[in-house]
A.B. asks: 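Structure incoming, see below.
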Amino acid sequence: MQNRFMWRENGELDALEPKLREFNPEVLIFAGWAVPAYRRMAKAFAGKCLRIMTMDNCWLGTAKQRLATWIAPFYIRPLADAVWLPGERQAVFARKLGFEQREILRGLYCCDQRYLEAIHSDRLLAGSSVSHAFLFVGRFVRDKGIDTLVKAYEMYRAHTSNPWPLICCGAGPLRTLLENKPGIQIEGFLQPEQLRSRFGHAGCLVLPSDFEPWAVVVHEAASAGLLILASENVGAAVHLVQDNYNGYIFGGKDASGLAALLERVSAMADERLGEMSRASHSLSLQFSPRRWAETLLDVAEQWAKGAKAAVPGTVANNTKQAVHVKFPV
């Protein structure tokens, strides 16, 4: 970690350029275009290395995003040779910014699957059914749809004779909306190892977000074999939630629709819950640390070989060699 550089304020980034020039990267990965120092570095290394910009912005058609598409040819597109995204909703935006299909990489986000998959495997080996509990993981803030969650759960309990509990893991200013509500268990903010055990004590993740570009927690839940109820605003739902296969997608702010799905899931027979649990785990295999690393190594190798056709805008016939690294499976 000798080359690790951490910063808190923009002024501290003045030291970044000399460090990068000394390091002489073959691949430069930077997060978006909002940080001025990142833009300067991306421009400075044009033609000298492969520049990959990451982004998780979904296309929403806002005035700010439309402005970005207008200025992209002069302000954004020249910064990067390729863009690395979580999924398809981000790819829509990337194409509007001027990136061609062959310049778009996918699979940016993933969870640490090893421990979460073990939850699913242990359940299968033990022959046990999905735990009868709903789980919410996230900040207790407006964007996460906390008000919708509470309203839907209250409606669900009012129409169900044997309701599942709702376990809520997180922290934030809207904690008061969850407090003293029958059936709701507030676990607070948990460290990763503590959170993993909560996945093992739940059968269905509920994520009613009003705004959620991706949500890695959906991948975590799928890896652990949980059913998933996600609002249409959750970016990861496009890839990791299929109606009546491993969960359901509902409209944003639709408390009554969510309440109906809570009732539907909790009324399922254990056999059906098991089928959907296995389906969820199957979908989780689309994303992994291995795929992440292999994606990066693949584009680095193509660039090192001078494969201009593979990644337009990169330097052809470059003599640098890509570095191969080992990573945990």
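Computed from a prediction, not measured in an experiment: that's the story for all the values here.
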A.B. asks: Just by distance, no angles: are the side chains of Asp254 and Ser256 close enough, under 3.5 Å, to form a donor-acceptor pair?
C.D. replies: yes
A.B. asks: Salt bridge or not between Arg142 and Asp210? Use side-chain N to carboxylate O under 4.0 Å.
C.D. replies: no
A.B. asks: Quiz question: by atom type and distance under 3.5 Å, do the side chains of Asn246 and His281 form a donor-acceptor pair?
C.D. replies: no
A.B. asks: Minimum heavy-atom separation for Gly252 to Glu232, with atom names?
C.D. replies: N-OE2, 3.2 Å
A.B. asks: Same hydrophobic cluster for Leu240 and Ile119, using side-chain heavy-atom links shorter than 4.5 Å among ILVMFWY?
C.D. replies: yes
A.B. asks: Do the charged groups of Arg114 and Asp112 touch, with an N to O distance under 4.0 Å?
C.D. replies: yes
A.B. asks: Classify the ring geometry of His219 against Phe287: parallel below 30°, tilted from 30° to 60°, perpendicular beyond 60°.
C.D. replies: perpendicular
A.B. asks: Give the minimum heavy-atom separation between Cys58 and Pro213, together with the two atoms involved.
C.D. replies: SG-O, 3.3 Å
A.B. asks: Look up atom CH2 in Trp33 and atom CZ in Arg39, then write down how far apart they are to the nearest 0.5 Å.
C.D. replies: 10.5 Å
A.B. asks: Knowing that exactly one of Trp292, Trp214, Trp84 qualifies, which makes a side chain to side chain contact (heavy atoms under 4.5 Å, CB included) with Tyr109?
C.D. replies: Trp214
A.B. asks: Using a strict 4.0 Å threshold on nitrogen-to-oxygen distance, state whether Arg21 and Glu17 make a salt bridge.
C.D. replies: yes
A.B. asks: Are the side chains of Ile167 and Phe134 in touch, meaning some heavy atoms are under 4.5 Å apart?
C.D. replies: no
A.B. asks: For the side chain of Ser282 and the backbone of Arg278, is there at least one donor-acceptor N/O pair under 3.5 Å apart?
C.D. replies: no
A.B. asks: Return yes if some donor-acceptor pair links the side-chain N/O of Glu26 with the main-chain N/O of Ala300 below 3.5 Å, else return no.
C.D. replies: no
A.B. asks: Before giving the answer on side-chain contact (heavy atoms from CB on, under 4.5 Å), spell out for Leu60 and Phe211 the whole-Å C-alpha distance, their side-chain angles and the decisive distance to 0.1 Å.
C.D. replies: CA-CA 11 Å; Leu60 302 175; Phe211 177 74; 3.9 Å; yes
A.B. asks: Give me the atom names and distance for the closest heavy-atom approach of Ser277 to Gly225.
C.D. replies: OG-O, 2.5 Å
A.B. asks: In Å and rounded to the nearest 0.5 Å, what is the CZ to CG distance from Phe250 to Leu258?
C.D. replies: 4.5 Å
A.B. asks: Does a side-chain heavy-atom distance below 4.5 Å link Asp270 with Val130?
C.D. replies: no
A.B. asks: Check whether any side-chain N or O of Ser223 sits under 3.5 Å from a backbone N or O of Gln113 as a donor-acceptor pair, and report yes or no.
C.D. replies: no
A.B. asks: Using a distance-only test with no angle check, is there a side-chain donor-acceptor pair under 3.5 angstrom linking Ser266 and Tyr156?
C.D. replies: yes
A.B. asks: Are any side-chain N or O atoms of Ser231 and backbone N or O atoms of Asn233, one a donor and one an acceptor, separated by less than 3.5 Å?
C.D. replies: yes
A.B. asks: Before you tell me yes or no, could you show the steps for Leu16 and Trp7 under side-chain contact (heavy atoms from CB on, under 4.5 Å), namely the whole-Å CA-CA distance, both residues' side-chain angles and the distance that decides it to 0.1 Å?
C.D. replies: CA-CA 10 Å; Leu16 179 60; Trp7 63 278; over 6 Å; no
A.B. asks: Would you please test Asp56 and Leu85 for side-chain contact (heavy atoms from CB on, under 4.5 Å) and show each step?
C.D. replies: CA-CA 6 Å; Asp56 64 6; Leu85 316 165; over 6 Å; no
A.B. asks: Are Val217 and Val241 connected, step by step, through hydrophobic side chains (Ile, Leu, Val, Met, Phe, Trp, Tyr) whose heavy atoms are closer than 4.5 Å?
C.D. replies: yes
A.B. asks: What I want to find out is whether Glu103 reaches Arg77 closely enough, with some N-O distance under 4.0 Å, to be called a salt bridge.
C.D. replies: yes
A.B. asks: Identify the heavy atoms of Cys49 and Leu28 that sit nearest to each other, and give their distance.
C.D. replies: SG-CB, 3.7 Å
A.B. asks: Closer than 3.5 angstrom, by distance alone: can the side chain of Gln90 be matched with the main-chain N or O of Gly87 as a donor-acceptor pair?
C.D. replies: yes
A.B. asks: For the hydrophobic clusters of this structure (ILVMFWY residues joined by side-chain heavy atoms under 4.5 Å, transitively), does one cluster hold both Tyr38 and Ile52?
C.D. replies: no
A.B. asks: Within this structure, what is the CG-SG distance for the pair Leu262 and Cys204, rounded to the nearest 0.5 Å?
C.D. replies: 7.0 Å
A.B. asks: Any Lys/Arg nitrogen of Lys144 or Glu212 sitting under 4.0 Å from an Asp/Glu carboxylate oxygen of the other?
C.D. replies: yes
A.B. asks: Check each of Ile249, Leu283, Ile228 against Gln242 using the side chain to side chain contact (heavy atoms under 4.5 Å, CB included) test, and report the only one that passes.
C.D. replies: Leu283
A.B. asks: Please examine the side chains of Arg66 and Trp59, heavy atoms only from C-beta on, and report whether any two atoms are closer than 4.5 Å.
C.D. replies: yes
A.B. asks: Is it true that Arg106 and Glu88 have a side-chain N and a carboxylate O under 4.0 angstrom from each other?
C.D. replies: yes
A.B. asks: Just by modelled atom types, is the Leu190 backbone N or O under 3.5 Å from a matching donor or acceptor in the Gln194 side chain?
C.D. replies: no
A.B. asks: Look at the side chain of Arg51 and the backbone N and O of Pro78, then say whether any donor-acceptor pair between them is shorter than 3.5 Å.
C.D. replies: yes
A.B. asks: Between Glu294 and Arg291, does any NZ, NE, NH1 or NH2 come within less than 4.0 Å of an OD or OE carboxylate oxygen?
C.D. replies: no
A.B. asks: Is there a side-chain contact (heavy atoms from CB on, under 4.5 Å) between Val218 and Val234 once you walk through the steps?
C.D. replies: CA-CA 9 Å; Val218 173; Val234 177; 4.0 Å; yes
A.B. asks: Look only at the side chain of Ser280 and the backbone of Leu226, and say whether a donor-acceptor pair between them is shorter than 3.5 Å.
C.D. replies: yes
A.B. asks: What's the shortest heavy-atom distance between Ile146 and Arg139, and which atoms?
C.D. replies: CD1-O, 4.1 Å
A.B. asks: Starting at NE2 of His120, measure out to OG of Ser284 and round the result to the nearest 0.5 Å.
C.D. replies: 8.0 Å
A.B. asks: I'd like to know if the side chain of Glu154 and the backbone of Pro182 have a donor-acceptor N/O pair within less than 3.5 Å.
C.D. replies: no
A.B. asks: At what distance, to the nearest 0.5 angstrom, does CG of Asp14 lie from NZ of Lys19?
C.D. replies: 12.5 Å
A.B. asks: Counting N and O atoms only, with roles assigned by atom type, does the side chain of Glu263 sit under 3.5 Å from a partner on the main chain of Ala260, one being a donor and the other an acceptor?
C.D. replies: no
A.B. asks: Is there a path of hydrophobic side-chain contacts, each under 4.5 Å between heavy atoms of I, L, V, M, F, W or Y residues, that connects Ile76 with Ile29?
C.D. replies: no
A.B. asks: To the nearest 0.5 Å, tell me how far Gln302 CD sits from Leu297 CG.
C.D. replies: 11.5 Å
A.B. asks: Check whether Ile184 and Leu174 end up in the same hydrophobic cluster, where Ile, Leu, Val, Met, Phe, Trp and Tyr are linked by side-chain heavy atoms less than 4.5 Å apart.
C.D. replies: yes
